[in-house]
**Student:** 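Take this structure first; my questions come after.
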Amino acid sequence: MKITKSKRNNIFFLIVIALLIIPQTRQPIQIVLHKGLALFGPSIVAEDERKAVTNYNWELKDLNGDTFNLNEIEGKVVLINFWATWCPPCIAEMPSLQKLHDDYKDRISILFVSNEEREAIQRFLDKKDYNFNVYQPISNVPETLKSRSIPRTFLLDKKGNIVIDKSGAADWNSEKVRRQIDALLPQ
């Protein structure tokens, strides 16, 4: 019996749907798809459209339980990434964020923020061999940085202006992002 092209396409489509329904295969497939979507760097907000963070009073704690307040880094270039360990687009963009962190951690402040339990975050970091610090919010997020979706990443200049506001996965290690960060730093 000969299988027509139409039947072959239908079989392929059903297999893909089945793989997306099965929990063990769904997340890896979603991550691969989001990595494809994250091949591009995020867009830069036009200067005349940038909103500013005016309230830096935001308390966080790291995985060791040490507290930190955003006002400690007011006046610095800051990258804030809201994410979760179960979020496929978050997982897809993490390698590029790790590379950016490795190269810029001493020049800008990078905050990875998650609402998850400490143990889940630590397992994820250990499994993926990521070495950045993750913070959990203690107080309410400043109004300008509130988000209803993850991943959500903000790049703030020294005056607190939001230079990049990206929802969804992106390539944070792109030349475009690096040029923008370098432009915000003193020469």
Side-chain angles (χ1 to χ4, degrees), residues 27 30-31 33-35 37-45 49-74 76-102 104-105 108-128 130-158 160-174 176-177 180-181 184:
Q27 189 181 49
Q30 289 175 326
I31 291 168
L33 291 173
H34 283 286
K35 280 186 179 184
L37 295 172
L39 289 175
F40 306 100
S43 300
I44 310 297
V45 177
E49 295 179 15
R50 293 179 183 170
K51 296 177 183 174
V53 175
T54 55
N55 176 13
Y56 273 74
N57 189 24
W58 181 31
E59 285 191 277
L60 304 146
K61 68 177 177 180
D62 66 16
L63 299 183
N64 296 321
D66 297 326
T67 59
F68 171 80
N69 195 305
L70 189 63
N71 62 26
E72 295 174 33
I73 55 175
E74 187 173 358
K76 295 183 178 181
V77 176
V78 180
L79 184 119
I80 302 170
N81 175 259
F82 294 93
W83 69 286
T85 63
W86 50 263
C87 164
C90 301
I91 296 168
E93 73 177 1
M94 275 299 152
S96 70
L97 283 163
Q98 176 67 61
K99 288 177 187 170
L100 193 72
H101 173 267
D102 291 345
Y104 283 93
K105 66 183 173 202
I108 69 172
S109 296
I110 302 176
L111 304 176
F112 294 89
V113 181
S114 177
N115 284 325
E116 290 182 275
E117 294 295 322
R118 180 202 172 289
E119 294 78 18
I121 296 168
Q122 193 61 60
R123 273 193 310 274
F124 177 83
L125 295 175
D126 292 344
K127 179 180 176 185
K128 299 292 186 177
Y130 292 137
N131 63 4
F132 48 79
N133 203 358
V134 177
Y135 296 88
Q136 299 167 302
I138 296 173
S139 64
N140 292 331
V141 177
E143 194 65 36
T144 320
L145 300 175
K146 283 193 176 175
S147 176
R148 293 178 184 232
S149 65
I150 54 173
R152 179 87 180 261
T153 307
F154 298 93
L155 176 65
L156 311 177
D157 67 14
K158 291 180 178 188
N161 296 310
I162 298 173
V163 177
I164 296 176
D165 177 353
K166 173 67 175 151
S167 292
D171 179 6
W172 291 99
N173 194 39
S174 69
K176 181 178 174 183
V177 172
Q180 183 59 60
I181 291 173
L184 299 174

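Throughout, residue positions are numbered sequentially from 1 according to the sequence presented. Keep in mind that this is a model prediction, so the values were computed, not measured.
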**Student:** Could you tell me the separation between the CD1 atom of I80 and the CD1 atom of I73, rounded to the nearest 0.5 Å?
**Tutor:**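 The CD1 atom of I80 sits 6.5 Å away from the CD1 atom of I73.
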
**Student:** side-chain contact (heavy atoms from CB on, under 4.5 Å) between K51 and V45: does it pass, once the steps are laid out?
**Tutor:** CA-CA 9 Å; K51 296 177 183 174; V45 177; over 6 Å; no

**Student:** Check whether any side-chain heavy atom of Y104 lies under 4.5 Å from a side-chain heavy atom of V177, and answer yes or no.
**Tutor:**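 A side-chain contact under 4.5 Å is absent here.
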
**Student:** Holding to ring-ring contact (aromatic ring centres under 6.0 Å, His included), I want the full list of residues that pass it with F68, two or more places apart in sequence or in another chain.
**Tutor:**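 With sequence neighbours excluded, F68 shows a ring-ring contact (aromatic ring centres under 6.0 Å, His included) to Y135, given in chain and number order.
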
**Student:** With D157, which residues qualify under salt bridge (charged side-chain N to carboxylate O under 4.0 Å, His left out), at least two apart?
**Tutor:**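 Result, salt bridge (charged side-chain N to carboxylate O under 4.0 Å, His left out) vs D157: none returned.
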
**Student:** For E117, does the CD atom sit with more than 12 other heavy atoms under 6.0 Å from it, leaving out its own atoms?
**Tutor:**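 Open.
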
**Student:** Under a 3.5 Å distance rule, please check whether E116 uses its side chain to pair with a backbone N or O of T85 as donor and acceptor.
**Tutor:**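 Checking the backbone N and O of T85 against the side chain of E116, a donor-acceptor pair under 3.5 Å is found.
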
**Student:** Partners of R50 by salt bridge (charged side-chain N to carboxylate O under 4.0 Å, His left out), sequence neighbours excluded?
**Tutor:**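 Partners of R50 under the salt bridge (charged side-chain N to carboxylate O under 4.0 Å, His left out) test: none.
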
**Student:** Less than 4.5 Å apart, any side-chain heavy atom of N131 and any of Q98?
**Tutor:**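 A side-chain contact under 4.5 Å exists here.
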
**Student:** Looking only at non-hydrogen atoms, find the nearest pair between P89 and A169 and report the distance.
**Tutor:**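 Nearest heavy atoms, P89 then A169: O-CB, 3.5 Å.
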
**Student:** Report yes if some heavy atom in the side chain of E119 is under 4.5 Å from a heavy atom in the side chain of R123; otherwise report no.
**Tutor:**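 Heavy-atom side-chain distance check passes, below 4.5 Å.
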
**Student:** With a 4.5 Å heavy-atom cut-off, do V53 and V78 have their side chains touching?
**Tutor:**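 Contact flag for V53/V78 side chains = no.
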
**Student:** Taking N64 for the side chain and D66 for the main chain, is one N or O donor matched with an acceptor at less than 3.5 Å?
**Tutor:**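 A pair under 3.5 Å: no.
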
**Student:** Roughly how far, to the nearest 0.5 Å, is the CD atom of E93 from the CH2 atom of W83?
**Tutor:**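 W83 atom CH2 to E93 atom CD measures 10.5 Å (nearest 0.5 Å).
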
**Student:** Would you mind listing every salt bridge (charged side-chain N to carboxylate O under 4.0 Å, His left out) that reaches into residues 132-143, with sequence neighbours excluded?
**Tutor:**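 Residue pairs with at least one partner in residues 132-143: E143-K146.
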
**Student:** Report yes if the side chains of R118 and Q122 come closer than 4.5 Å at any heavy-atom pair, otherwise no.
**Tutor:**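 Heavy-atom side-chain distance check passes, below 4.5 Å.
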
**Student:** Does the side chain of T153 reach to within under 4.5 Å of the side chain of I164, using non-hydrogen atoms?
**Tutor:**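 Contact flag for T153/I164 side chains = no.
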
**Student:** If only atom types and distance count, is the side chain of K176 paired as donor or acceptor with the main-chain N or O of P42 below 3.5 Å?
**Tutor:**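 The answer is yes, because a donor-acceptor pair under 3.5 Å joins these two groups.
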
**Student:** Does W58 reach the main-chain N or O of S139 with its side chain, forming a donor-acceptor pair under 3.5 Å?
**Tutor:**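 Confirmed, W58 side chain pairs with S139 backbone.
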
**Student:** Kindly state each residue pair satisfying salt bridge (charged side-chain N to carboxylate O under 4.0 Å, His left out) with at least one member in residues 55-65, sequence neighbours excluded.
**Tutor:**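 As it turns out, there is no salt bridge (charged side-chain N to carboxylate O under 4.0 Å, His left out) pair with a partner in residues 55-65 once direct neighbours are skipped.
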
**Student:** With a 3.5 Å distance limit and no angle check, can you tell me whether N161 reaches the backbone of V163 through a side-chain donor-acceptor pair?
**Tutor:**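 A pair under 3.5 Å: no.
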
**Student:** Atom NZ of residue position K105 - does it have more than 12 heavy atoms of other residues, nucleotides or ligands inside 6.0 Å?
**Tutor:**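 Enclosed.
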
**Student:** Strictly distance-based, threshold 3.5 Å: is any side-chain N or O of D165 a donor or acceptor partner for the main-chain N or O of F154?
**Tutor:**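 Looks like no, no N/O pair under 3.5 Å.
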
**Student:** Can you tell me how far CG of N173 sits from CG of L100, rounded to the nearest 0.5 angstrom?
**Tutor:**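 The distance works out to 6.0 Å.
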
**Student:** With no hydrogens and no angle check, is any side-chain donor or acceptor of E72 less than 3.5 Å from a backbone partner on N69?
**Tutor:**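 Confirmed, E72 side chain pairs with N69 backbone.
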
**Student:** In Å, rounded to the nearest 0.5 Å, how long is the span from CG of N55 to OG1 of T144?
**Tutor:**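 If I round to the nearest 0.5 Å, the distance is 8.0 Å.
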
**Student:** Is there side-chain contact between L184 and I108, with at least one heavy-atom pair below 4.5 Å?
**Tutor:**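 Side-chain contact under 4.5 Å: no.
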
**Student:** For the residue pair S114 and P137, what are the closest heavy atoms and their distance?
**Tutor:**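 What the structure gives for the nearest pair is O-CD, 3.6 Å.
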
**Student:** Could you work out, with ring-ring contact (aromatic ring centres under 6.0 Å, His included) as the rule, every residue matching F132, not counting sequence neighbours?
**Tutor:**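 F112, Y130.
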
**Student:** Under 4.5 Å between any side-chain heavy atoms of Q136 and I121, yes or no?
**Tutor:**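 They are in side-chain contact.
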
**Student:** Say you draw a straight line from CG of L111 to CG of L60; how long is it, rounded to the nearest 0.5 Å?
**Tutor:**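 So the CG of L111 and the CG of L60 are separated by 6.5 Å.
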
**Student:** Output the distance between atom CD1 (I44) and atom CD (Q180), rounded to the nearest 0.5 Å.
**Tutor:**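 If I round to the nearest 0.5 Å, the distance is 4.0 Å.
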
**Student:** Does any N or O in the side chain of S96 come within less than 3.5 Å of the main-chain N or O of W172, such that one atom is a donor and the other an acceptor?
**Tutor:**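 Yes; at least one donor-acceptor contact below 3.5 Å.
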
